Asker: 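Structure in structure tokens, see below.
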Amino acid sequence: MRAMTEPLALGILGYGGLGQAMARLVSRRQQVRWVAVADRKGYALNSNGLLAAYCQKVYTERGSVGYLEPGGVLSEDSLGELIAQPGVQAYFLALPNLPNTFMADVVRRFLAQGWRGVLVDALKRTSAVEQLRQLQADLQAGGITYLTGCGATPGLLTAAAALAAHSYEEILQVEIRFGVGIANWEAYRATIREDIAHLPGYDVAKAQAMTDAEINALLDQTDGKLYLENMEHADDVILEWAGICPRERVTVGGVVDTRNPRKPISTHVKITGRTFEGKISTHTFTLGDETSMAANVCGPALGYLQAGWHLHQQGHYGLFTCAEVMPRWVR
Ligand code: NAD
């Protein structure tokens, strides 16, 4: 167990939009040290800590963190090789969930390796989070504390809904609407592909198989915007499992602008319920328009990593969701 003063040794799996943002965020905090990273072509491990700016430069110029010096390794199985190394106490999983079974398969690899520690994801689909629930007994037996759905939605907004619910005796509706603005879709390739999979006429397999040219052509049709309604989003099961309301009462939709960092709409969650006195009312929690997707995903995910580490040290293993645990502040 690390001493009270020693920072938590953090690994980041996936070094795209969110992975890079998490690295930058963590480099500004003292209680966590970023020691490991993997992308599709390689990985790097350095117990003294990785430097976010240098890592970003190498990844941009050479296409993989495997070229980092020291500690970089090029590999066709970067995840498998990194997971097998000691020295990482917690991982943020910033990987694409393509296909929809990918994250559950990665977790099985941690289990097979006998790795113990904290895992936090920002998974979005209901069916993906349900697959993790099937692994509950294995996670408990294997000594892994896993927090799922810990981004913005699911994540920050779901947790806000879980807190706001307490004003009421019955929750009638939880409505999440998010606005995302990014300068170009290539900065968040997996996020955009996974969002396209929610459009009418698309599914995960179809979105995964699209070429970059096909994605650009699709985005051209709507001036770069994706309009998303009634998404299969795990906020619904997460609130149901927390006992707050049946999943049918939770809806998620949003607008993503892939050509403008300004948010096309304000992100909010509305929680409508009936109080014990019989009054019906709505709480609304709105994110500041200046906050980016990266800030609203990686900030909460880091807080959940810290919470997971506290649970882990107390011997609490298994699957937890963003609605069951309060994120903890990281200095
Ligand atoms: P991205 O496409 O920008 O980056 C993915 C990274 O994973 C890349 O570095 C890539 O090399 C790496 N990778 C891919 N396959 C790999 C493999 N087999 N082994 C090792 N590395 C591999 O992804 P992103 O846009 O940052 O999104 C990451 C995830 O976060 C997506 O699943 C997305 O849906 C999710 N997300 C969640 C929220 C939320 O609020 N919950 C918000 C945004 C994104």
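Just so we're clear, the structure is a prediction, and the values are computed from it rather than from any experiment. Atoms within each ligand, like the ligands themselves, are counted from 1 in listed order.
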Asker: Between the side chains of E175 and T251, is a donor N or O closer than 3.5 angstrom to an acceptor N or O?
Answerer: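 There is no such pair between these side chains.
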Asker: Below 4.0 angstrom from a heavy atom of N97, which ligand 1 atoms are there? Numbered from 1 as shown, please.
Answerer: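 Ligand 1 atoms under the 4.0 Å threshold to N97: 32 (O).
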Asker: Counting only nitrogen or oxygen atoms and a 3.5 angstrom limit, does V297 reach ligand 1?
Answerer: no
Asker: Report the nearest protein non-hydrogen atom to atom 23 (O) of ligand 1: residue, atom name, distance rounded to 0.1 Å.
Answerer: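 The closest one turns out to be A190 CB, 3.3 Å.
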Asker: Would you mind listing which atoms of ligand 1 come within a distance below 4.0 Å of any non-hydrogen atom of Y59?
Answerer: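 Counting from 1, the qualifying ligand atoms are 8 (C), 9 (O), 11 (O).
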Asker: Please check whether P96 reaches ligand 1 - meaning an N/O of the residue sits under 3.5 Å from an N/O of the ligand, judged on distance alone.
Answerer: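 No.
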Asker: Taking both backbone and side-chain atoms of L79, is any N or O found less than 3.5 Å from an N or O belonging to ligand 1?
Answerer: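 By distance alone, the answer is no.
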Asker: I'd like to know if the side chain of E232 and the backbone of T126 have a donor-acceptor N/O pair within less than 3.5 Å.
Answerer: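 Yes, because the side chain of E232 sits within donor-acceptor range (under 3.5 Å) of the backbone of T126.
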Asker: What atoms of ligand 1 come within less than 4.0 Å of a heavy atom belonging to R189?
Answerer: 2 (O), 3 (O), 25 (O)
Asker: Between L95 and ligand 1, does any nitrogen or oxygen pair lie at a separation below 3.5 Å?
Answerer: yes
Asker: Can you pull out the closest protein heavy atom to atom 20 (C) of ligand 1? Residue, atom name and distance to 0.1 Å, please.
Answerer: D39 O, 3.1 Å
Asker: What residue and heavy atom of the protein are closest to atom 28 (C) of ligand 1, and at what distance?
Answerer: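 Residue, atom and distance for the closest contact: A94 O, 3.6 Å.
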Asker: Please work out which of K124, M103, E194 has its closest non-hydrogen atom nearest to atom 32 (O) of ligand 1.
Answerer: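 Residue with the shortest heavy-atom distance to the ligand atom: E194.
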Asker: Got a salt bridge between E194 and R189, using NZ or NE/NH1/NH2 to carboxylate O under 4.0 Å?
Answerer: no
Asker: Ignoring hydrogens and angles, tell me if any N or O in the side chain of Q136 forms a donor-acceptor pair with the backbone of L319 under 3.5 Å.
Answerer: yes
Asker: Side chain to side chain contact (heavy atoms under 4.5 Å, CB included) for C150 and F92? Distances and angles first, verdict last.
Answerer: CA-CA 10 Å; C150 296; F92 175 48; over 6 Å; no
Asker: What protein heavy atom lies closest to atom 11 (O) of ligand 1? Include the residue and the distance to one decimal.
Answerer: R40 N, 3.1 Å
Asker: Just to be sure I read this right, does ligand 1 sit under 4.0 Å from the backbone of K41, its side chain, both, or neither, counting only heavy atoms?
Answerer: neither
Asker: Is it true that K206 and D203 make a salt bridge, defined as a side-chain N closer than 4.0 Å to a carboxylate O?
Answerer: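 Between D203 and K206 there is no salt bridge, as every charged N stays at least 4.0 Å from the carboxylate O atoms.
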Asker: If you have a sec, work out which protein heavy atom is nearest atom 44 (C) of ligand 1 and how many Å separate them, to one decimal?
Answerer: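 Scanning the protein heavy atoms, the shortest distance from atom 44 (C) of ligand 1 goes to T191 OG1, 3.1 Å.
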Asker: Relative to ligand 1, is C150 under 4.0 angstrom through side chain, backbone, both or neither, heavy atoms considered?
Answerer: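 Answer for C150: neither.
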Asker: Taking distance alone, with no angle check, do A38 and ligand 1 share an N/O pair under 3.5 Å?
Answerer: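 By distance alone, the answer is no.
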Asker: Which residue and non-hydrogen atom of the protein lie closest to atom 4 (O) of ligand 1, and at what distance in Å?
Answerer: G16 CA, 3.1 Å
Asker: Report yes or no: do T275 and E169 form a side-chain donor-acceptor pair below 3.5 Å?
Answerer: no
Asker: Taking E130 first and then R247, would you say they form a salt bridge - that is, a charged N and a carboxylate O separated by under 4.0 Å?
Answerer: yes
Asker: Nearest protein heavy atom to atom 40 (O) of ligand 1, by residue and atom, and its distance?
Answerer: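 Looking at atom 40 (O) of ligand 1, the protein heavy atom closest to it is A152 N, 2.9 Å.
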Asker: Rounded at 0.5 Å granularity, tell me how far OG1 in T148 sits from CG in L119.
Answerer: 10.0 Å
Asker: With a 4.0 Å cut-off, would you call K124 and D235 a salt bridge?
Answerer: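 Looking at D235 together with K124, the answer is no, because their closest N to O distance does not fall below 4.0 Å.
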Asker: Counting non-hydrogen protein atoms only, what is the nearest one to atom 26 (O) of ligand 1? Give residue, atom name and distance.
Answerer: L18 N, 2.8 Å
Asker: Is it the case that the side chain of W34 and the backbone of A36 share a donor-acceptor pair, with hydrogens and angles ignored and the cut-off at 3.5 Å?
Answerer: yes
Asker: Is it the case that the side chain of E81 and the backbone of S78 share a donor-acceptor pair, with hydrogens and angles ignored and the cut-off at 3.5 Å?
Answerer: no
Asker: Ligand 1 and G19, any nitrogen or oxygen pair closer than 3.5 angstrom?
Answerer: no
Asker: Using a strict 4.0 Å threshold on nitrogen-to-oxygen distance, state whether R259 and D220 make a salt bridge.
Answerer: yes
Asker: At a 4.0 Å cut-off, with the gap strictly under it, does some heavy atom of F102 reach an atom of ligand 1?
Answerer: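 Within the 4.0 Å threshold, so yes.
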Asker: Are a donor atom and an acceptor atom from the side chains of H312 and T145 found within less than 3.5 Å of each other?
Answerer: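 The criterion, which ignores hydrogens and geometry beyond distance, is satisfied for T145 and H312.
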Asker: Can you name the atoms of ligand 1, numbered from 1 with element, that are less than 4.0 Å from a heavy atom of S78?
Answerer: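 Matching atoms, with element in brackets: 19 (N), 20 (C).
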Asker: Closest by any non-hydrogen atom to atom 41 (N) of ligand 1: pick that one out of A122, G149, A294, G14.
Answerer: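 Selected option, by shortest heavy-atom distance: A122.
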Asker: Which of the numbered atoms in ligand 1 are under 4.0 angstrom from any heavy atom belonging to M293?
Answerer: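 It comes down to these atoms of ligand 1: 43 (C).
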Asker: Taking only heavy atoms of A187 into account, list the atoms of ligand 1 that are under 4.0 Å away from them.
Answerer: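 Close to A187: 3 (O).
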Asker: Heavy atom under 4.0 Å from ligand 1: found in F178's side chain, backbone, both, or neither?
Answerer: neither
Asker: For the residue pair N100 and S127, confirm or rule out a side-chain donor-acceptor distance under 3.5 Å.
Answerer: yes
